[in-house]
Amino acid sequence: MEKLVITGGNSLNGKVDISGAKNAAVAILPAAIIAATGLCIIDNIPDIDDVHCIERIIENLGCKVKVSANSVIIDSSSLNSYNANTEDVRKMRASYYLIGALLARFKKARVEMPGGCAIGVRPIDQHIKGFEALGAKVTIEHGSVFVEAEKLIGTNIFFDVVSVGATINVMLAATLAEGTTVLENAAKEPHVVDVANFLNSMGANIKGAGTDIIRITGVEELTGCSYSVIPDQIEAGTYMIAAAACGGEVTINNVIPKHLESISAKLIEMGVEIFENGDSVTVKSNKNLKGVNVKTLPYPGFPTDVQQPMSTLLCISEGRSLINESIWESRFKHIDELKKMGANVKLEGRTAIIDGVDRLTGAIVKATDLRAGAAMIIAGLVAEGNTEVLDIEHIDRGYPHIENKFNALGAHITRVSIK
Ligand code: EPZ
């Protein structure tokens with residue numbers, strides 16, 4: 001086990017390169033198994049535990065997976081199992097994409113119920129509704145989802161809630177279905193568009209991704225392709241917020257500024273200066289920031305995955321801020337940890353009422369989930385004295401080389417083994 005020890009108080013200055021998007025990569029890798037022929041050569045893959053986990057899972061199903069630096073080559077012609085039931089499958093949320101992908105490839109899938117961050121009830125009813133609408137029979141038995149269809153036939157599906165996972169999963173299943181599938185009330189997140197673009201590069205016929213109506217016309221087969229994953233909107237947002245909190249001037253490279261608009265708009269409202277330049281944004285902060293209200297929403301609204309880092313920033317901003325978390329009902333577990341460092345926050349249901357304090361002080365805290373971990377690192381960076389962040393396996397699931405990236409900006413973070 002390891003922990004991060006952070007000495008707070010330094011400003012952040014310089015440049016940081018953003019990696020490929022986790023939530024795109026963990027869907028694109030399962031999507032690659034639909035290709036019965038040809039190689040998928042995928043670039044800009046982030047070096048994170050969730051990606052390594054998915055790589056092991058698809059290798060275990062019979063694919064040949066060759067990883068080098070930030071790319072991966074997948075040969076799915078040897079895929080020979082529709083049973084995904086290893087410890088890795090149980091561990092991560094995105095393993096549910098194997099259901100849609102295996103259903104497309106074999107008309108059959110058995111996948112253990114997915115795990116992931118404990119941020120609230122994480123139902124898959126909308127995924128199941130979509131598979132059933134396409135003609136599959138879905139049963140949940142012995143902790144696994146079993147899905148089977150004689151054939152999949154395109155149809156209209158109206159999602160009851162906007163769900164990233166259900167949109168992508170049903171899109172995967174529909175790629176080889178007969179006729180046209182229309183997904184209404186679809187999620188519009190950048191990673192939904194990225195998965196659609198990847199599938200189209202493999203020969204799929206998907207139109208409308210990025211709007212709330214996606215049309216998928218089934219094709220005979222998908223084949224390998226070359227593709228590069230989009231930059232990670234959430235990793236970029238995390239570094240923007242860290243720069244705002246610590247003060248200084250940080251240029252965040254390899255981003256799509258359009259994907260960051262809701263985050264930039266909030267930071268500007270607080271008094272941060274932001275300059276866009278092609279595929280980079282520069283964040284300049286003098287740390288004298290005022291509190292704001294934030295409501296998390298599906299894209300293009302303020303992302304729930306940036307809410308926790310943002311709450312740290314609001315803890316040290318002037319006046320009262322309110323955060324309304326509209327996507328996940330238990331995404332405030334980090335607040336108790338922030339309170340150990342002197343934050344003044346009250347929780348009322350899905351709302352956090354934050355009264356800004358002049359300073360946070362170092363403490364021993366936990367990363368209760370992935371983005372909570374990022375929130376605690378930012379807290380440690382601004383706090384007086386030393387902070388120890390425990391349970392950092394959550395952070396390693398989604399942030400590549402986080403201490404190296406921060407240290408290159410002037411932070412002081414050390415990774416220490418715990419015996
Ligand atoms: C994805 O989770 C992301 N994970 C999450 O990021 C992110 O918080 C979330 O989308 C929202 O943007 C991955 O992409 C692997 P949803 P997902 O289905 O797909 C409800 C991170 O930090 N819902 O869009 O599981 C659900 O309860 C992670 O990187 C249903 O009711 O989220 C939630 O309230 C954490 N029925 C809302 O929809 C369903 O069948 C949105 O969930 C599915 C979802």
Side-chain angles (χ1 to χ4, degrees), residues 19-31 46 48-51 53-54 57 89 91-100 113-133 138 140 145 157-173 183 185-195 212 229-230 232-238 259 262-263 296-310 324-331 333-334 350 367-375 394-400:
S19 303
K22 163 179 110 56
N23 288 342
V26 297
I28 283 174
L29 295 172
I48 51 175
D49 286 352
D50 269 9
V51 158
C53 194
I54 286 275
I57 293 170
V89 177
K91 199 152 81 182
M92 69 178 302
R93 186 71 186 160
S95 50
Y96 55 32
Y97 292 132
L98 294 163
I99 309 173
M113 290 293 270
C117 282
I119 52 180
V121 182
R122 302 189 74 174
I124 56 165
D125 56 297
Q126 297 304 302
H127 305 232
I128 292 173
K129 169 176 160 165
F131 299 141
E132 286 178 340
V138 183
I140 297 183
V145 185
I157 299 162
F158 197 109
F159 291 117
D160 301 332
V161 294
V162 178
S163 162
V164 170
T167 303
I168 293 178
N169 222 347
V170 180
M171 197 161 76
L172 297 177
L183 305 182
N185 200 23
K188 297 182 279 201
E189 269 65 7
H191 33 290
V192 173
V193 180
D194 207 37
V195 179
D212 45 24
V229 176
I230 51 163
D232 197 310
Q233 173 205 25
I234 308 303
E235 190 196 16
T238 303
H259 295 167
S262 63
I263 303 163
T296 64
L297 286 169
Y299 189 82
F302 192 91
T304 170
D305 295 345
V306 181
Q307 177 263 107
Q308 292 157 301
M310 188 67 173
N324 181 256
E325 171 54 65
S326 83
I327 312 286
W328 301 113
E329 68 274 19
S330 307
R331 216 170 192 180
K333 291 190 182 138
H334 63 299
R350 285 179 169 224
T368 52
D369 58 70
L370 166 61
R371 309 300 173 189
H394 293 295
I395 301 173
D396 293 335
R397 285 186 36 216
Y399 285 98

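Both backbone and side-chain heavy atoms feed into the values below; hydrogens, waters and symmetry mates do not. Whatever order the structure lists ligands and atoms in, that order sets their numbers, starting from 1.
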Minimum side-chain heavy-atom gap [X]-[Y] below 4.5 Å:
X	Y	answer
Val164	Tyr299	no
Ser163	His127	yes
Val145	Ile124	yes
Tyr399	Ile234	yes
Pro30	Leu98	yes
Leu370	Asp305	no
Phe159	Val170	yes
Pro303	Ser262	yes

Check: Met92 main-chain N/O paired with Asp50 side-chain donor or acceptor under 3.5 Å: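 No: the side chain of Asp50 does not pair with the backbone of Met92.
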Is Gln307 reaching over with its side chain to a backbone N or O of Pro309, donor-acceptor style, under 3.5 angstrom?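 Checking the backbone N and O of Pro309 against the side chain of Gln307, no donor-acceptor pair under 3.5 Å is found.
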Option nearest [atom] (shortest heavy-atom distance, choices [options]):
atom	options	value
atom 34 (O) of ligand 1	Asp369, Leu370, Ile327	Ile327
atom 24 (O) of ligand 1	Val26, Ile128, Val164	Val164
atom 11 (C) of ligand 1	Val195, Thr304, Thr296	Thr304
atom 43 (C) of ligand 1	Gly165, Gly301, Ser95, Pro123	Pro123

Ligand 1 contact on [X] by region, counting heavy-atom pairs under 4.0 Å:
X	answer
Asp125	both
Ser163	both
Trp328	side chain
Tyr96	side chain

Should you measure from each heavy atom of [X], which atoms of ligand 1 turn up under 4.0 Å away?
X	answer
Val161	23 (N), 30 (C), 31 (O), 38 (O)
His127	40 (O)
Lys22	21 (C), 29 (O)
Arg331	8 (O), 21 (C), 22 (O), 35 (C)
Arg93	25 (O)
Ile124	40 (O)
Gln126	36 (N), 39 (C), 40 (O)

Taking it one step at a time, do Gln308 and Asp369 satisfy side chain to side chain donor-acceptor pair (under 3.5 Å)? CA-CA 10 Å; Gln308 292 157 301; Asp369 58 70; 3.3 Å; yes
Heavy atom of Tyr299 under 4.0 Å from ligand 1?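 Checking ligand 1 against Tyr299, which is what was asked, there is no heavy-atom contact under 4.0 Å.
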Flag His191 as yes when one of its N or O atoms lies below 3.5 Å from any N or O atom of ligand 1, and as no otherwise.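 In fact, backbone or side chain, His191 has no N or O that close.
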